[in-house]
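The basis for the numbers below is simple: all heavy atoms, side chains too, and nothing from hydrogens, waters or symmetry mates. Just so you know, residue 1 is the first one in the sequence shown, and it goes up from there.
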Amino acid sequence: MGATNVWDAEWEVNEEQARTLIGRQFPQLSSKQVKRLGWGWDNTVFLIGDEYVFRFPRRTIAVGSIRMEGKLLPKLKAYMTIPYPKPLFYGEVSDEYPAPFLGYAYVPGDFPIGLTEERRALSAETLAKFLRRLHEFPVQAALKCGVQQDHRNLTDIASRKVKLEGFLSKVVEHLSPEESGVIEAYISRLQKDRVEAVNALLHGDLHFKNMLVNENGIVSGIIDWGDLSVGHPACDLSVAYSFLPPYARGVFFETYGGADEETKLLARLIAVYIPILILMQAVDDGNEAIAAEAKSNIMRALSD
């Protein structure tokens, strides 16, 4: 895929640099161990001791998100029903590093990779209550904190369908004939071009790499809030299709407070779209565990 992937970094931070940057601005943390936890498209993440996590932007586009998170995440406290990372340390731009960075309270848990369908179903009500409350947050208050409004044009199904076809062509050799057949049949059935706009505050990137589970497999943390935005709730409700088995979706939507057919149509589309992107990156990284989980998310989303 070469060096022009959307997730390629403009600048990288290693453990040594992170230790230096954190130690200079927050001397009280300078004696703690610094360990790289991983990275997403926008940020590199480090564990500091065992109680804090720091995120450093990897791309210019992520800088606005870090600033906005710092303002908005503390205001969400009264709405949160699942643990989330609260900002505690606000790192400033310096000569050594061109972006602000944030330190949060560490949220313990494991990524939900390879869970049984029975274990996934246990989180149906937990996820629905979490999203019901999050989507009740006042949109105007979010916009005042610098949250973007529908910057990804979520309701435009036609253009997302075209992009999905392009993504599929890139990963088709990593899918079984049955998997690619199911996805192609789904894309060809997508006839609606657009759904009506609805505005709610969204996590904006709710998938298995941004969720944590406890030892029983129940969702116990929601992380990586860099895509906080205002837009169609279907974006977050996609988790009902990608994460939950079909038989748990009724309880999910009942607990959430219902969803119309347009919302469910868009939620299912995003539940295929996001894991295909994750699959593309996992293939590029040679990460077989993430690739397998992404594929199972797609197939789950397309089963009834």
Interatomic spacing from [atom1] in [X] to [atom2] in [Y] - rounded to 0.5 Å:
X      : Y      : atom1 : atom2 : answer
Asp193 : Thr155 : CG    : OG1   : 11.5 Å
Ile48  : Ile22  : CD1   : CD1   : 3.5 Å
Leu154 : Leu266 : CG    : CG    : 6.5 Å
Ile278 : Phe208 : CD1   : CZ    : 4.5 Å
Cys235 : Arg152 : SG    : CZ    : 4.5 Å
Ile157 : Tyr273 : CD1   : OH    : 12.5 Å

Taking side chain as C-beta onward, heavy atoms only, is [X] less than 4.5 Å from [Y]?
X      : Y      : answer
Tyr97  : Gln17  : no
Leu269 : Leu164 : yes
Leu212 : Phe111 : yes
Leu190 : Leu265 : yes
Glu262 : Val198 : no
Val34  : Phe54  : no
Pro100 : Arg67  : yes
Thr263 : Asp260 : yes

Is [X] atom [atom1] crowded by more than 12 heavy atoms from other residues, nucleotides or ligands, each under 6.0 Å away?
X      : atom1 : value
Glu196 : CD    : no
Gln33  : CD    : no
Glu136 : CD    : yes

Would a distance-only check, ignoring hydrogens and angles, find a side-chain to backbone donor-acceptor pair under 3.5 Å from [X] to [Y]?
X      : Y      : value
Glu15  : Arg36  : yes
Tyr90  : Gly70  : yes
Asn43  : Val45  : no
Arg249 : Tyr241 : yes
Asp205 : Asp227 : no
Ser123 : Val219 : yes
Asp236 : Gly204 : yes
Arg132 : Thr255 : yes

- [ ] Start with the C-alpha gap between Lys170 and Val283, add the side-chain angles, then the distance that decides, and say whether side chain to side chain contact (heavy atoms under 4.5 Å, CB included) holds.
- [x] CA-CA 10 Å; Lys170 286 185 178 163; Val283 164; over 6 Å; no
TODO: Using a strict 4.0 Å threshold on nitrogen-to-oxygen distance, state whether Asp224 and Lys209 make a salt bridge.
DONE: no
Task: Short N-O contact, Glu12 and Arg58, less than 4.0 angstrom - done: yes
Open item on the list: I want to check a possible cation-pi pair here: Lys264 against Phe253, using under 6.0 Å from ring centre and within 45° of the ring axis as the test.
Closed with: yes
Open item on the list: List the residues meeting ring-ring contact (aromatic ring centres under 6.0 Å, His included) with His203, not counting sequence neighbours, and say none if there are none.
Closed with: Trp225
Looking only at non-hydrogen atoms, find the nearest pair between [X] and [Y] and report the distance.
X      : Y      : value
Leu201 : His135 : O-CD2, 3.1 Å
Val147 : Ser229 : CG1-CA, 3.2 Å
Ser65  : Ile61  : OG-O, 4.2 Å
Met211 : Leu206 : CG-CD1, 4.2 Å
Pro108 : Ser220 : O-OG, 4.0 Å
Ser303 : Arg268 : O-NH1, 3.8 Å

Open item on the list: Test question: given the 4.5 Å side-chain rule for I, L, V, M, F, W and Y, name all other residues clustered with Ile218, or answer none.
Closed with: Leu122
Open item on the list: Does the plane of the ring in Tyr256 sit parallel, tilted or perpendicular to the ring in Phe252? Use 30° and 60° as the thresholds.
Closed with: parallel
Task: Contact list for residues 154-169, test salt bridge (Lys or Arg N to Asp or Glu O under 4.0 Å), sequence neighbours left out - done: Asp156-Arg194
Task: For Arg24, side-chain contact (heavy atoms from CB on, under 4.5 Å) partners two or more places apart - done: Thr20, Glu96
If hydrophobic clusters are built by linking Ile, Leu, Val, Met, Phe, Trp and Tyr wherever their side-chain heavy atoms come under 4.5 Å apart, do [X] and [Y] end up in the same one?
X      : Y      : answer
Phe46  : Tyr106 : no
Leu202 : Leu127 : no
Leu29  : Leu21  : yes
Val213 : Ile223 : no
Ile274 : Leu175 : yes

Tell me which donor-acceptor pairs under 3.5 Å the side chains of residues 289-300 have, and how far apart each pair is, sequence neighbours excluded?
| unit_1 | atom_1 | unit_2 | atom_2 | d |
| --- | --- | --- | --- | --- |
| Glu293 | OE1 | Gly114 | N | 2.8 |
| Glu293 | OE2 | Arg120 | NH2 | 2.7 |
| Glu293 | OE2 | Asn297 | ND2 | 3.1 |
| Lys295 | NZ | His174 | O | 2.7 |
| Ser296 | OG | Glu293 | O | 3.0 |
| Asn297 | ND2 | Glu293 | O | 2.8 |
| Arg300 | NE | Glu117 | OE1 | 3.1 |
| Arg300 | NE | Glu117 | OE2 | 3.2 |
| Arg300 | NH1 | Ser242 | O | 2.8 |
| Arg300 | NH2 | Glu117 | OE2 | 3.0 |

Under 3.5 Å, which donor-acceptor pairs link side chains of residues 74-89 to any protein atom two or more places apart or in another chain?
| unit_1 | atom_1 | unit_2 | atom_2 | d |
| --- | --- | --- | --- | --- |
| Thr81 | OG1 | Phe130 | N | 3.4 |
| Tyr84 | OH | Leu73 | O | 2.7 |
| Tyr84 | OH | Lys77 | N | 3.4 |

Open item on the list: Please determine whether side chain to side chain contact (heavy atoms under 4.5 Å, CB included) holds for the pair Phe167 and Leu277, giving the CA-CA distance in whole Å, both sets of side-chain angles, and the decisive distance to 0.1 Å.
Closed with: CA-CA 7 Å; Phe167 298 157; Leu277 277 171; 3.7 Å; yes
